[in-house]
Amino acid sequence: MSKQSDELYDEMCRVVGDMVFTLHDFGVESKQIVIADALRTALASKNPARSELLIKAMEAAARVLDR
């Protein structure tokens, strides 16, 4: 894999892991669809502080989890 692919994969794993812990903190079961929906909801907030890599990782993770 290329360096960019590795970075995206690492960021996707971090994003999904963070979301699982966040959902757990709120007492929500972390099923695939729930994680994907939570990522899409977070993306909809249009936080300008997010890096391009983070946005791509969130979008890619949501797509993968929807499979």
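Quick note: numbers below take in every heavy atom, side chains included, and nothing from hydrogens, waters or symmetry partners.
Residues passing the side-chain contact (heavy atoms from CB on, under 4.5 Å) test with N47, sequence neighbours excluded: S45, A49, R50. Here S5 pairs with M1, S2 under the side-chain contact (heavy atoms from CB on, under 4.5 Å) rule; sequence neighbours left out. With sequence neighbours excluded, the residues that form a side chain to side chain donor-acceptor pair (under 3.5 Å) with D66 are R40. For F21, there are no side-chain contact (heavy atoms from CB on, under 4.5 Å) partners two or more places apart in sequence or in a different chain. Under the side chain to side chain donor-acceptor pair (under 3.5 Å) criterion, S51 pairs with no residue at all, not counting sequence neighbours.
No path of Ile, Leu, Val, Met, Phe, Trp and Tyr side chains, each step under 4.5 Å between heavy atoms, connects Y9 with L53, placing them in separate hydrophobic clusters. Follow the hydrophobic side-chain contacts under 4.5 Å out from I55 and you never reach M12; the two are in separate clusters. If you chain together hydrophobic residues whose side chains sit under 4.5 Å apart, L43 and V64 never meet in one group.
For A62 against A36, the heavy-atom pair with the smallest separation is O-CB, 3.9 Å. Taking every heavy atom of both residues into account, A42 and M58 meet most closely at CB-CE, 3.6 Å.
Within the structure, salt bridge (Lys or Arg N to Asp or Glu O under 4.0 Å) pairs that include any residue of residues 2-13 comprise K3-E7, E11-R14 (at least two apart or interchain). For the salt bridge (Lys or Arg N to Asp or Glu O under 4.0 Å) condition, the pairs that include at least one residue of residues 53-63, sequence neighbours left out, are E52-K56.
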Side chains of residues 22-35: which donor-acceptor partners sit under 3.5 Å, not counting sequence neighbours?
residue, atom, partner, partner atom, Å
T22, OG1, D18, O, 2.9
Q32, NE2, L65, O, 2.9

